[in-house]
Amino acid sequence: MRGNWQFLKAQARPTLQQLFADDAKARVAALTIEQAGIRFDLSKTHLDDTLIDGFVQQAGAMDLAGQRQKLLGGEVINPTEGRAAEHTAERGTGSPEAVELARQFHARMRALVEVIEAGAFGKIETLIHIGIGGSALGPKLLMDALGRNTGGIEVRVVSNVDGAAMAEAIKGIDPRTTLLAAASKTFTTAETLLNLESAMQWMRAGGVDDPHGRVIALTANPDKAVEWGVDETRILPFSESVGGRYSLWSSIGFPAALGLGWAGYEEMLEGAGAMDRHFAHADWRANAPVMAAFADLYYTQARSAQTRAVFAYDERLRLLPSYLQQLEMESNGKSVTAEGEAVDYPTSPITWGGVGTDGQHAVFQLLHQGTVLVPVEFIAAREPGHDLDDAHHEALLANCFAQGAALMAGKQTDDPARSYAGDRPSTTLLIDDVTPAILGALIAFYEHRTFVNAVLLGINPFDQFGVELGKDMARAIEEGGMDDFDASTKALMEAALGDPAQ
Ligand code: F6P
């Protein structure tokens, strides 16, 4: 079914200043939701009762409640691939069978973490995690956010097929004290398999007699891993119905379980579980992922926003924007409805971003005075991630909150070059601290928000056929089959690698 945005086109909307003009305190209270250690402030968006009523009606028309039930109950929600999307089962919400299977897979992962910690592989100092996309971005984010100064096993993540990435990962470490995690849902991804071969060579050259014996496979396709050469005892499986970009809760999160310890990993799952329950039970108007999606849809459908920016005012969350890029753009970057009909309205905006305060001195000029509207999301933590002088954290938070205020207020002067239109929207997510539980809840919030966007857009967020054509063509080029390619591509190949016919 197609989304219907007629209700957004009806009348002129009040500005943010107008929305804040009467009873601003009540507005802030009404549009602030506190959940799982996160304060979601949506008051600096244009959402008001009229808009929210319209979105609530639209949620009814698109059967958001029924779709949520299907998602959380483990029913088929991915029609093009005829399967469920059971990432929440990893956190305890799902069909009883899926929850039980996830529990068993987690128990297996925990047992392996414990034998590694007990020294079954000898002294281990480093884990090289090899994967790409959803098989790398989650573990990378978790370790960067939570794994600083833990003093445990160092985790290095390699995703790019560019050998420079692998060269960097193996720099200065001893293959005899290193384990490899081969992370691939399908265990067929070309980049991951090539990187894995490269790591095998490095291990062999470094005096490891049985490099395959140092590989732990994290996959939903155990047969392929066995075929490749991983012993069944070192395979940590997960369910086929857990999508790649939703997989950090499964065995794909193994490096975090090893690097942070099992207790930390479990806290993360529990935090995500708390967000699942909030999404499952809260009224739409008090439901953080739902309300955030309403705001997203207002800006894409009514204000033609083609991008949304996410700025983490916390160094520990510097990888969050790139994690969200895959989650949001691979899920909702679609042109047809779940039934295959072409849509005649925009779907996913482009997610981009970075860290504050750096962004302020580089790209915020456009956010304040550019001609395109960019809804901005600010994320900050009450507690700092360091022991240095409080001045750092005070400055960081002051800057974060000032940016949201400035975007909204604007400033009029006699000089047009020095004037700011204002009325530019932002959301602020203030978290208590960057802990496993809160990060788990935060990521689960983004998953559900992406889902709600998809339901109201009428699209399927759980397939990603758009990535296949490029893969096929790369394979064809690698195999020397250039005949079907255009003249430009042929000339580039020739210029870079010589005439394939020679
Ligand atoms: O090509 C896209 C994609 O399939 C992503 O959806 C996925 O996260 C990534 O590649 C890696 O896939 P795999 O885990 O099967 O190696």
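Indexing begins at 1, ligand by ligand and atom by atom, following the structure's order. Because the structure is predicted, anything quoted here is derived from the model rather than measured.
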In the protein, which heavy atom is nearest to [atom], and how far is it?
atom: atom 15 (O) of ligand 1; answer: T186 OG1, 2.6 Å
atom: atom 1 (O) of ligand 1; answer: K471 NZ, 2.9 Å
atom: atom 6 (O) of ligand 1; answer: E330 OE1, 2.8 Å
atom: atom 9 (C) of ligand 1; answer: I132 O, 3.7 Å
atom: atom 8 (O) of ligand 1; answer: G134 N, 2.8 Å
atom: atom 12 (O) of ligand 1; answer: T189 OG1, 3.5 Å

Closer than 4.0 Å to some heavy atom of V467 - which atoms of ligand 1 meet that? 1 (O), 2 (C)
Please determine whether ring-ring contact (aromatic ring centres under 6.0 Å, His included) holds for the pair Y246 and F462, giving the CA-CA distance in whole Å, both sets of side-chain angles, and the decisive distance to 0.1 Å. CA-CA 9 Å; Y246 301 87; F462 297 118; 5.3 Å; yes
Check for me whether the distance between the ring centres of F445 and F40 falls short of 6.0 Å. yes
Measuring from the heavy atoms of Q326, does anything fall under 4.0 Å of ligand 1? yes
Looking at K490 and E494, is any side-chain nitrogen of the basic one under 4.0 Å from a carboxylate oxygen of the acidic one? no
On the 0 to 90° scale, with breaks at 30° and 60°, tag the H212-W228 ring pair as parallel, tilted or perpendicular. tilted
Checking ring-ring contact (aromatic ring centres under 6.0 Å, His included) for the pair W249/Y265: CA distance, chi angles, key distance, verdict? CA-CA 9 Å; W249 323 99; Y265 187 70; 8.4 Å; no
S184 N/O to ligand 1 N/O under 3.5 Å: yes
Could you check M200 against R204 for side chain to side chain contact (heavy atoms under 4.5 Å, CB included), going step by step and ending with a plain yes or no? CA-CA 6 Å; M200 293 288 93; R204 249 178 245 119; 3.9 Å; yes
Hey, is the main chain of L324 close enough, under 3.5 Å, to the side chain of Y446 for a donor-acceptor pair? no
